[in-house]
Amino acid sequence: SAKDMKHRLGFLLQKSDSCDYGSSQGKKEKISSSQRVSQEEVRKWADSLENLIHHDRGLAAFRAFLKSEYSEENIEFWVSCEDYKKTKSPAKLSPKARKIYDEFISVQATKEVNLDSCTREKTSHNMLEPTLSCFDEAQRKIFTLMEKDSYRRFLKSPYYLDLVSPPGAGCGPENCKSSHTHTLDCNSNIISQCA
């Protein structure tokens with residue numbers, strides 16, 4: 001439920017060591033305990049989807065929101081494409097490309113993303129000789145879809161609003177000096193209290 005997701009997000013943001021926020025690959029994504037996110041940084045997430053998903057904690061918050069809407073396949077596809085583009089070994093390109101294709105693009109994909117037939121065909125053709133850019137067009141389409149749809153809903157959701165404008169109750173002057181220096185540590189207390 002959405003309440004469970006909110007609680008998990010609060011726990012994620014409070015946890016000081018590594019944490020697993022449910023990536024499809026089952027990998028643990030580490031968040032440094034020394035990494036603090038200021039209110040200013042959280043506000044930048046509202047400037048663009050890029051700002052949000054290129055920040056570890058922003059990506060975690062957005063992923064939790066998408067899970068609450070049962071639409072996390074889009075961000076998982078985007079993250080998989082980003083990881084794929086970092087592949088250094090040519091021998092690994094084809095098996096990695098096939099895994100992404102089978103998981104997100106093929107007609108029987110377990111986490112099929114919403115692509116138009118033209119982009120799907122072009123990506124299928126790219127599978128014949130996978131390159132680092134073979135998913136670029138599909139990734140762009142999914143990014144645009146998230147930007148126009150789920151990202152806008154995220155900015156109006158408690159997942160974001162509780163972080164960007166917390167009530168003063170959770171953060172006293174002893175914890176936070178001004179509104180610009182609030183951190184997610186303070187905000188996460190509020191999230192977990194609401195859960």
Side-chain angles (χ1 to χ4, degrees), residues 5 8-9 12-13 15 17-32 35 37 41 44-155 157 159-160:
M5 284 309 211
R8 283 191 200 128
L9 179 60
L12 165 78
L13 295 173
K15 198 160 169 73
D17 53 352
S18 68
C19 57
D20 182 1
Y21 48 86
S23 70
S24 64
Q25 294 84 0
K27 293 178 183 171
K28 287 195 174 186
E29 300 185 38
K30 307 231 183 232
I31 295 178
S32 164
Q35 182 185 17
V37 185
E41 188 66 39
K44 284 182 188 172
W45 297 350
D47 293 341
S48 71
L49 177 57
E50 251 179 47
N51 286 354
L52 174 68
I53 61 181
H54 282 98
H55 192 285
D56 286 345
R57 294 203 178 173
L59 178 61
F62 189 52
R63 182 176 269 162
F65 168 73
L66 291 176
K67 275 190 172 211
S68 76
E69 291 198 332
Y70 304 101
S71 62
E72 68 267 23
E73 69 279 352
N74 290 330
I75 194 65
E76 288 181 16
F77 172 67
W78 186 89
V79 168
S80 294
C81 290
E82 287 297 291
D83 179 58
Y84 175 77
K85 288 190 273 190
K86 295 173 188 164
T87 305
K88 290 188 171 46
S89 167
K92 290 183 180 177
L93 281 181
S94 189
K96 278 180 113 174
R98 178 52 57 190
K99 184 176 188 282
I100 292 170
Y101 182 83
D102 290 344
E103 190 172 2
F104 299 104
I105 296 175
S106 78
V107 179
Q108 296 143 350
T110 54
K111 298 176 180 177
E112 186 178 353
V113 291
N114 188 8
L115 292 171
D116 59 271
S117 58
C118 187
T119 305
R120 196 176 298 277
E121 279 178 38
K122 185 175 180 182
T123 307
S124 295
H125 185 266
N126 290 344
M127 291 293 93
L128 300 173
E129 290 182 42
T131 64
L132 288 176
S133 62
C134 67
F135 294 110
D136 284 1
E137 188 174 337
Q139 187 185 18
R140 252 191 316 275
K141 297 268 180 158
I142 293 303
F143 180 90
T144 302
L145 183 72
M146 289 190 296
E147 190 174 42
K148 290 181 176 175
D149 187 34
S150 47
Y151 171 62
R152 290 179 182 177
R153 286 196 310 278
F154 170 77
L155 294 177
S157 76
Y159 289 87
Y160 180 71

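Just so you know, residue 1 is the first one in the sequence shown, and it goes up from there.
Looking at V79 and L59, their side chains come closer than 4.5 Å, going by heavy atoms from C-beta outward. The shortest distance between side-chain heavy atoms of D136 and K85 falls below 4.5 Å.
Between S68 and Y159 the shortest heavy-atom distance is CB-OH, 3.3 Å. Among all heavy-atom pairs drawn from I105 and A138, the shortest one is CD1-CB, 4.5 Å. The shortest non-hydrogen separation linking E41 to H55 is OE2-CD2, 3.6 Å.
Listed by first and then second residue, the ring-ring contact (aromatic ring centres under 6.0 Å, His included) pairs that reach into residues 119-140 are Y84-F135, sequence neighbours excluded.
In this view, K92 satisfies the salt bridge (charged side-chain N to carboxylate O under 4.0 Å, His left out) rule with no residue, not counting sequence neighbours. In this view, E112 and A109, R120 satisfy the side chain to side chain contact (heavy atoms under 4.5 Å, CB included) rule, not counting sequence neighbours. Qualifying ring pair (Phe, Tyr, Trp, His ring centres under 6.0 Å) partners for F62, counting only residues two or more places apart in sequence or in other chains: F154. With sequence neighbours excluded, the residues forming a side chain to side chain contact (heavy atoms under 4.5 Å, CB included) with T144 are K148, listed by chain and number. Not a single side-chain hydrogen bond (donor to acceptor under 3.5 Å, both in side chains) links Y151 to another residue, sequence neighbours left out. Qualifying salt bridge (charged side-chain N to carboxylate O under 4.0 Å, His left out) partners for E137, counting only residues two or more places apart in sequence or in other chains: K122. Annotation: side-chain hydrogen bond (donor to acceptor under 3.5 Å, both in side chains) contacts of S133 (sequence neighbours excluded): T131. In this view, R153 and E69, D149 satisfy the side-chain hydrogen bond (donor to acceptor under 3.5 Å, both in side chains) rule, not counting sequence neighbours. For D47, there are no salt bridge (charged side-chain N to carboxylate O under 4.0 Å, His left out) partners two or more places apart in sequence or in a different chain. In this structure, K44 has no salt bridge (charged side-chain N to carboxylate O under 4.0 Å, His left out) partners at least two apart in sequence or on a different chain. By the side chain to side chain contact (heavy atoms under 4.5 Å, CB included) test, S124 is found to be paired with Y101, residues two or more places apart in sequence or in another chain being considered.
Here the CE atom belonging to M146 is positioned 6.0 Å from the CG atom belonging to N74, to the nearest 0.5 angstrom.
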Go through the steps to decide whether E73 and E103 satisfy the test side-chain contact (heavy atoms from CB on, under 4.5 Å), and finish with yes or no.
CA-CA 9 Å; E73 69 279 352; E103 190 172 2; over 6 Å; no
Start with the C-alpha gap between W45 and R57, add the side-chain angles, then the distance that decides, and say whether side-chain contact (heavy atoms from CB on, under 4.5 Å) holds.
CA-CA 10 Å; W45 297 350; R57 294 203 178 173; 4.3 Å; yes
